[in-house]
Colleague: 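Quick one: structure below, then a few questions.
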Amino acid sequence: MNERQHSAIAENLQQVRERIASSAALCARAPEEITLLAVSKTKPASAIEEAIAAGQLAFGENYVQEGVEKVAAFAGHQPPLVWHFIGPLQSNKSRLVAESFDWCHTIDRLKIAQRLNEQRPAGKAPLQVLIQVNISDEQSKSGITLVEVAQLAAEIAAMPNLTLRGLMAIPAAESEYSRQLAVFSQMTEAYDQLKQHYPQVDTLSMGMTDDMPAAIAAGSTLVRIGTAIFGARDYSA
């Protein structure tokens, strides 16, 4: 990676932070309320290093094996990095996530939660977890319906090695801001209800490069940004 690409990542991060701040200002929110998660899937360690140099410490990975390798590569980094698993999780890969990651955003069934709880190493802090909601009811997407959230939340809350922190959603692509806002607002309503029952709930993970302003306006506390930071992804490898 040459110096021009290096500086591009730092510049991109600055621009994304400015977008977060301006989107927050439009709805009278403080930018500090919104965590920026850099989605580093398919990107090399050198790109992550450049993001770290620009002050980014939270990273999201979609693929278990790739993510585990990156977590290991940056083990012991100071200040510590925070690793979020944000991809679909098959039960046969749950141990790797339980052992390596700090967060898992994509719990959508009891079996996965049980496995993560059982497989979390005794010496580690509880795994911070989010329930994934299929808010657009897409056949191709993981996640549960809004009416199923309360039951799964109660089951997760009883697990000692998991800490329920909130909800996550990946809505169907929608170009109109008003439509984006309407869908995200359904998630915010569910999130607010969840917070009433579980005081530790503080995270609403929604919003990506193309719909971040609407997500922030609706109340997102964590946006998952990849392309706007690292550029287009290369899936040919």
Colleague: Find out if a path of hydrophobic residues (ILVMFWY) with successive side-chain heavy-atom gaps under 4.5 Å connects Met208 to Ile20.
Modeller: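 Met208 does not cluster with Ile20.
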Colleague: For the pair Glu148 (side chain) and Thr145 (backbone), establish whether a donor and an acceptor sit closer than 3.5 Å, ignoring hydrogens and angles.
Modeller: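 Yes: the side chain of Glu148 pairs with the backbone of Thr145.
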Colleague: Taking all heavy atoms of Glu155 and all of Leu110, pick out the closest pair and write down the distance.
Modeller: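 Minimum heavy-atom contact is OE1-CD1, 3.6 Å.
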Colleague: Grab the two heavy atoms, one from Phe230 and one from Ser40, that are nearest each other, plus how far apart they are.
Modeller: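 The pair with the smallest heavy-atom distance is CE1-CA, 3.9 Å.
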Colleague: Starting at CD1 of Ile86, measure out to CG of Asn62 and round the result to the nearest 0.5 Å.
Modeller: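 The distance works out to 4.5 Å.
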Colleague: So, do Ile135 and Phe184 sit near enough that their side-chain heavy atoms are less than 4.5 Å apart?
Modeller: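 No, every pair of side-chain atoms sits at 4.5 Å or beyond.
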Colleague: Indicate every side-chain donor-acceptor pair of residues 92-108 with a distance under 3.5 Å to a residue at least two apart or in another chain.
Modeller:
{"unit_1": "Ser94", "atom_1": "OG", "unit_2": "Ser91", "atom_2": "O", "d": "2.9"}
{"unit_1": "Ser94", "atom_1": "OG", "unit_2": "Arg115", "atom_2": "NE", "d": "3.0"}
{"unit_1": "Ser94", "atom_1": "OG", "unit_2": "Gln119", "atom_2": "OE1", "d": "2.7"}
{"unit_1": "Ser100", "atom_1": "OG", "unit_2": "Leu96", "atom_2": "O", "d": "3.3"}
{"unit_1": "Asp102", "atom_1": "OD2", "unit_2": "Trp83", "atom_2": "N", "d": "2.8"}
{"unit_1": "His105", "atom_1": "ND1", "unit_2": "Ser205", "atom_2": "OG", "d": "3.1"}
{"unit_1": "His105", "atom_1": "NE2", "unit_2": "His84", "atom_2": "ND1", "d": "2.8"}
{"unit_1": "Thr106", "atom_1": "OG1", "unit_2": "Gly87", "atom_2": "O", "d": "2.7"}
{"unit_1": "Asp108", "atom_1": "OD2", "unit_2": "Gly143", "atom_2": "N", "d": "3.3"}

Colleague: Keeping the roles fixed (side chain from Ser220, backbone from Leu204), state whether a donor-acceptor pair exists under 3.5 Å.
Modeller: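 It does hold such a pair.
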Colleague: Go through the side-chain N and O atoms of Gln14 and Glu18 and say whether any donor and acceptor fall under 3.5 Å apart.
Modeller: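 Present: a donor and an acceptor within the cut-off.
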Colleague: Look only at the side chain of Arg120 and the backbone of Ala125, and say whether a donor-acceptor pair between them is shorter than 3.5 Å.
Modeller: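 Yes: the side chain of Arg120 pairs with the backbone of Ala125.
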Colleague: Less than 4.5 Å apart, any side-chain heavy atom of Thr221 and any of Tyr191?
Modeller: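 Of all side-chain heavy-atom pairs linking Tyr191 with Thr221, at least one is under 4.5 Å.
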Colleague: Which heavy atom of Ala218 sits nearest a heavy atom of Thr188, and at what distance?
Modeller: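 That would be O-OG1, 2.7 Å.
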Colleague: Nearest 0.5 Å, please: how far is CG in Leu36 from CD in Gln56?
Modeller: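 CG of Leu36 is found 4.5 Å from CD of Gln56.
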Colleague: Does Arg29 use its side chain to pair, donor to acceptor, with the backbone of Ala217 at less than 3.5 Å?
Modeller: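 Checked: no pair found.
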Colleague: Is any side-chain heavy atom of Ile52 closer than 4.5 Å to one of Phe59?
Modeller: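 Counting from C-beta outward, Phe59 and Ile52 do come under 4.5 Å.
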Colleague: Are Val68 and Val82 connected in a single hydrophobic cluster, I mean Ile/Leu/Val/Met/Phe/Trp/Tyr linked by side-chain heavy atoms less than 4.5 Å apart?
Modeller: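 They do not share one cluster, since no chain of ILVMFWY contacts under 4.5 Å joins Val82 to Val68.
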Colleague: Are Val149 and Leu130 joined in one hydrophobic group, where the rule is that I, L, V, M, F, W and Y side chains link up if heavy atoms are under 4.5 Å apart?
Modeller: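 Different hydrophobic clusters.
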Colleague: So if you build clusters from Ile, Leu, Val, Met, Phe, Trp, Tyr with side-chain heavy-atom gaps below 4.5 Å, do Leu57 and Leu13 land together?
Modeller: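 Looking at the clustering, Leu13 is in the same group as Leu57.
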Colleague: Could you tell me whether the side chain of Asn161 reaches within less than 4.5 Å of the side chain of Lys124, counting heavy atoms only?
Modeller: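 No, their side chains stay 4.5 Å or more apart.
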Colleague: When rounded to the nearest 0.5 angstrom, what is the spacing between CE in Met187 and CG in Asp192?
Modeller: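 Spacing of CE (Met187) from CG (Asp192) equals 11.0 Å.
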Colleague: If you measure from the Lys or Arg side-chain nitrogens to the Asp or Glu carboxylate oxygens, is any gap between Glu61 and Lys41 under 4.0 Å?
Modeller: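 So Glu61 does not pair with Lys41 through a salt bridge.
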Colleague: Compile the donor-acceptor pairs under 3.5 Å between side chains in residues 162-172 and protein atoms, sequence neighbours left out, one pair per line.
Modeller:
{"unit_1": "Arg165", "atom_1": "NE", "unit_2": "Asp202", "atom_2": "OD1", "d": "2.9"}
{"unit_1": "Arg165", "atom_1": "NH1", "unit_2": "Gln128", "atom_2": "OE1", "d": "2.7"}
{"unit_1": "Arg165", "atom_1": "NH2", "unit_2": "Asp202", "atom_2": "OD1", "d": "3.3"}
{"unit_1": "Arg165", "atom_1": "NH2", "unit_2": "Asp202", "atom_2": "OD2", "d": "3.1"}

Colleague: Closest approach of Leu194 and Ala153, non-hydrogen atoms and distance?
Modeller: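 Nearest pair, atom of Leu194 first, then Ala153: CD1-CB, 3.6 Å.
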Colleague: Checking Ser46 against Glu49: is there a side-chain donor and acceptor pair closer than 3.5 Å?
Modeller: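 No, Ser46 and Glu49 have no side-chain donor paired with an acceptor closer than 3.5 Å.
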Colleague: Please report the interatomic distance CD1(Ile144) to CD(Gln132), rounded to the nearest 0.5 Å.
Modeller: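 Between atom CD1 of Ile144 and atom CD of Gln132 there are 9.5 Å.
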Colleague: Say whether, by atom type as modelled, one donor and one acceptor occur between the side chain of Asp211 and the main chain of Ala214 under 3.5 angstrom.
Modeller: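 No; judged by distance alone, with no hydrogens or angles, the pair does not exist.
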Colleague: Can you see which heavy atom on Tyr198 is nearest to which on Ala154, and at what distance?
Modeller: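 Here Tyr198 and Ala154 meet closest at OH-CA, 3.2 Å.
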Colleague: Please answer: with hydrophobic residues joined when any side-chain heavy atoms are less than 4.5 Å apart, are Val183 and Leu146 in the same cluster?
Modeller: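 In one cluster: yes.
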Colleague: Please report the shortest heavy-atom distance between Ser22 and Arg19, naming the atom on each side.
Modeller: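 Smallest heavy-atom distance, with atoms named: OG-O, 3.0 Å.
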Colleague: When you measure from the side chain of Asn12 to the backbone N and O of Ala8, does any donor-acceptor pair fall under 3.5 Å?
Modeller: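 Side chain of Asn12 to backbone of Ala8: a pair is present.
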Colleague: Rounded at 0.5 Å granularity, tell me how far CG in Leu26 sits from CD1 in Ile216.
Modeller: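 Interatomic distance, Leu26 CG to Ile216 CD1, rounded to 0.5 Å: 9.5 Å.
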Colleague: Rounded to the nearest 0.5 Å, how far does CG of Leu116 lie from CG of Leu127?
Modeller: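 Between Leu127 CG and Leu116 CG, I get 6.0 Å after rounding to 0.5 Å.
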Colleague: I'd like to know if the side chain of Lys70 reaches the main chain of Lys43, judged simply by a donor and an acceptor atom lying under 3.5 Å from each other, with no hydrogens or angles considered.
Modeller: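 Yes: the side chain of Lys70 pairs with the backbone of Lys43.
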Colleague: Would you say Glu118 and Gln114 are linked by a side-chain donor-acceptor pair, where the criterion is simply a distance under 3.5 Å?
Modeller: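 Distance-only check fails for Gln114 and Glu118.
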